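In what follows, a structure is listed as structure tokens, so that the remarks can point back to it.
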Amino acid sequence: MVDATDQVLGRLCAKVAKILRGKYKPNYTPYMDCGDNVIIINADKVKMTGKKFTDRIYLRYTGYPGGQRECTPEVLMLKSMKRSYKPGKHPLYMKVVKGMLPKNRLGARLLDNLYVYNGTEYPQADLNPKVIDINKLK
């Protein structure tokens with residue numbers, strides 16, 4: 001479990017991607033899923049340096065001609081507040097962490113091990129997850 005309060009988004013997600021891959025473990029194997037599940041709480045309290053929160057543009061494609069859509073991190077953060085989104089699947093964090101994982105089936109499988117919640121409440125609390133200080137990791 002990782003607390004995202006007052007963390008920089010890119011630096012936090014880079015360390016989370018390494019945990020998902022299992023790179024902090026001695027038995028790391030590049031072609032296997034040997035990482036851990038990660039729960040991020042207080043996702044709405046993350047920050048971005050400079051004016052990236054309003055000026056950075058993320059692209060997605062609908063699959064139709066002329067279907068390229070763009071949105072900012074601010075819009076993705078507002079989308080995460082909607083009830084129509086699946087709990088634990090924050091669109092901003094999923095987009096950022098997905099870019100740091102392998103671009104194959106392994107990366108898609110690793111992304112399923114990430115759960116991101118805006119508040120401090122999360123359904124995996126009964127599993128007693130270990131709290132990790134993300135600032136102590138390299």
Side-chain angles (χ1 to χ4, degrees):
M1 185 174 76
V2 175
D3 189 4
T5 305
D6 294 331
Q7 298 287 331
V8 178
L9 179 69
R11 293 170 195 239
L12 171 75
C13 289
K15 293 175 183 176
V16 166
K18 284 177 92 173
I19 294 171
L20 287 171
R21 291 269 339 245
K23 286 195 166 190
Y24 290 113
K25 292 184 172 185
N27 62 347
Y28 167 70
T29 310
Y31 56 86
M32 290 179 62
D33 178 7
C34 54
D36 296 321
N37 290 347
V38 178
I39 302 167
I40 300 176
I41 59 171
N42 294 323
D44 52 348
K45 296 179 182 164
V46 78
K47 62 182 179 179
M48 297 178 90
T49 58
K51 295 192 290 183
K52 292 182 194 134
F53 200 67
T54 55
D55 291 352
R56 178 174 296 253
I57 295 175
Y58 290 116
L59 299 175
R60 66 182 176 86
Y61 183 61
T62 63
Y64 290 96
Q68 183 169 325
R69 305 285 187 252
E70 57 184 43
C71 56
T72 63
E74 185 177 33
V75 172
L76 290 175
M77 192 68 81
L78 291 175
K79 280 185 181 181
S80 73
M81 306 292 182
K82 291 184 179 178
R83 291 200 180 270
S84 61
Y85 266 91
K86 193 176 199 179
K89 301 298 177 189
H90 196 288
L92 178 61
Y93 283 82
M94 292 295 165
K95 183 96 169 157
V96 173
V97 173
K98 183 179 179 182
M100 298 178 186
L101 292 175
K103 303 338 184 240
N104 52 25
R105 286 180 291 184
L106 175 64
R109 212 171 359 152
L110 292 172
L111 199 59
D112 288 337
N113 295 335
L114 178 64
Y115 303 96
V116 186
Y117 300 101
N118 280 331
T120 57
E121 307 277 327
Y122 56 97
Q124 294 92 350
D126 56 344
L127 299 175
N128 296 326
K130 187 172 91 174
V131 178
I132 295 175
D133 185 12
I134 206 77
N135 295 323
K136 301 229 182 202
L137 297 175
K138 287 186 179 183

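Owing to the predicted nature of the structure, the values given are computational and were not obtained by experimental measurement. Because only heavy atoms are used, hydrogens play no part in the values below, and waters and symmetry mates are left out as well, while side chains stay in. Index from 1, following the sequence.
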Exercise. Which of parallel (below 30°), tilted (30 to 60°) and perpendicular (above 60°) describes Y93 and H90?
Worked result: perpendicular

For this session: State, to 0.1 Å, how close K95 and L59 come at their nearest heavy-atom pair, and which atoms those are.
Result: NZ-O, 2.6 Å

Exercise. So do the side chains of Y24 and K15 get within less than 4.5 Å of each other, counting heavy atoms only?
Worked result: yes

Problem set entry | Same apolar cluster: L12 and V96, side chain cutoff 4.5 Å | yes

Exercise. When hydrophobic residues are tied together by side-chain contacts of less than 4.5 Å, even through go-betweens, does M94 share a cluster with M77?
Worked result: yes

Exercise. Does a side-chain heavy-atom distance below 4.5 Å link D33 with N113?
Worked result: yes

Seminar exercise, completed: Taking every heavy atom of Y122 against every heavy atom of P129, the minimum-distance pair comes out as OH-CG, 3.7 Å

For this session: Measure the CG-CG distance between N37 and L110 for me, rounded to the nearest 0.5 Å.
Result: 10.0 Å

Exercise. Does OH belonging to Y61 count more than 12 external heavy atoms closer than 6.0 Å?
Worked result: yes

Exercise. What distance do D55 atom CG and E74 atom CD have between them, rounded to the nearest 0.5 Å?
Worked result: 9.5 Å

Exercise. Going by an N to O cut-off under 4.0 Å, is there a salt bridge joining D3 and K45?
Worked result: no

For this session: Check the pair Y28 / K18 against side chain to side chain contact (heavy atoms under 4.5 Å, CB included), numbers first and verdict last.
Result: CA-CA 11 Å; Y28 167 70; K18 284 177 92 173; over 6 Å; no

For this session: Hey, could you give me the CG/CZ distance between N104 and R109, rounded to the nearest 0.5 Å?
Result: 9.0 Å

Problem set entry | Joint cluster assignment, L137 & V16, ILVMFWY side-chain distance < 4.5 Å | yes

Problem set entry | Verdict with reasoning, Y58 to L92, per side chain to side chain contact (heavy atoms under 4.5 Å, CB included) | CA-CA 9 Å; Y58 290 116; L92 178 61; 3.8 Å; yes

Problem set entry | P91 and its side-chain contact (heavy atoms from CB on, under 4.5 Å) partner, picked from L78, V75, L76 | L76

For this session: Determine, using the 4.5 Å side-chain heavy-atom cutoff (strictly less than), whether V46 and M48 are members of one ILVMFWY cluster.
Result: yes

Exercise. How close do D112 and K89 get, heavy atom to heavy atom, and via which atoms?
Worked result: O-NZ, 3.8 Å

Problem set entry | Residue pair N42, T120: steps toward the side chain to side chain contact (heavy atoms under 4.5 Å, CB included) verdict | CA-CA 6 Å; N42 294 323; T120 57; 3.2 Å; yes

Exercise. Can you find a pair of side-chain heavy atoms, one from I19 and one from D36, that are under 4.5 Å apart?
Worked result: yes

Exercise. Mind checking whether V2 and I41 sit in one hydrophobic cluster, side chains of I, L, V, M, F, W, Y counted as touching below 4.5 Å?
Worked result: no

For this session: Hey, could you give me the NZ/OG1 distance between K47 and T5, rounded to the nearest 0.5 Å?
Result: 11.0 Å

Exercise. Which pair of non-hydrogen atoms, one from A17 and one from M100, has the smallest distance, and what is that distance?
Worked result: CB-CB, 3.8 Å

For this session: For the residue pair P102 and R21, establish whether any side-chain heavy-atom pair is separated by less than 4.5 Å.
Result: yes

Problem set entry | Atom pair CZ (R56) and OG1 (T72), whose distance is rounded to the nearest 0.5 Å | 11.5 Å

For this session: Before giving the answer on side chain to side chain contact (heavy atoms under 4.5 Å, CB included), spell out for K98 and K103 the whole-Å C-alpha distance, their side-chain angles and the decisive distance to 0.1 Å.
Result: CA-CA 8 Å; K98 183 179 179 182; K103 303 338 184 240; over 6 Å; no

For this session: Give a yes-or-no answer on whether the side chains of S80 and D44 include a donor-acceptor pair shorter than 3.5 Å.
Result: no

For this session: Output the distance between atom CD1 (I40) and atom CG (L114), rounded to the nearest 0.5 Å.
Result: 5.0 Å

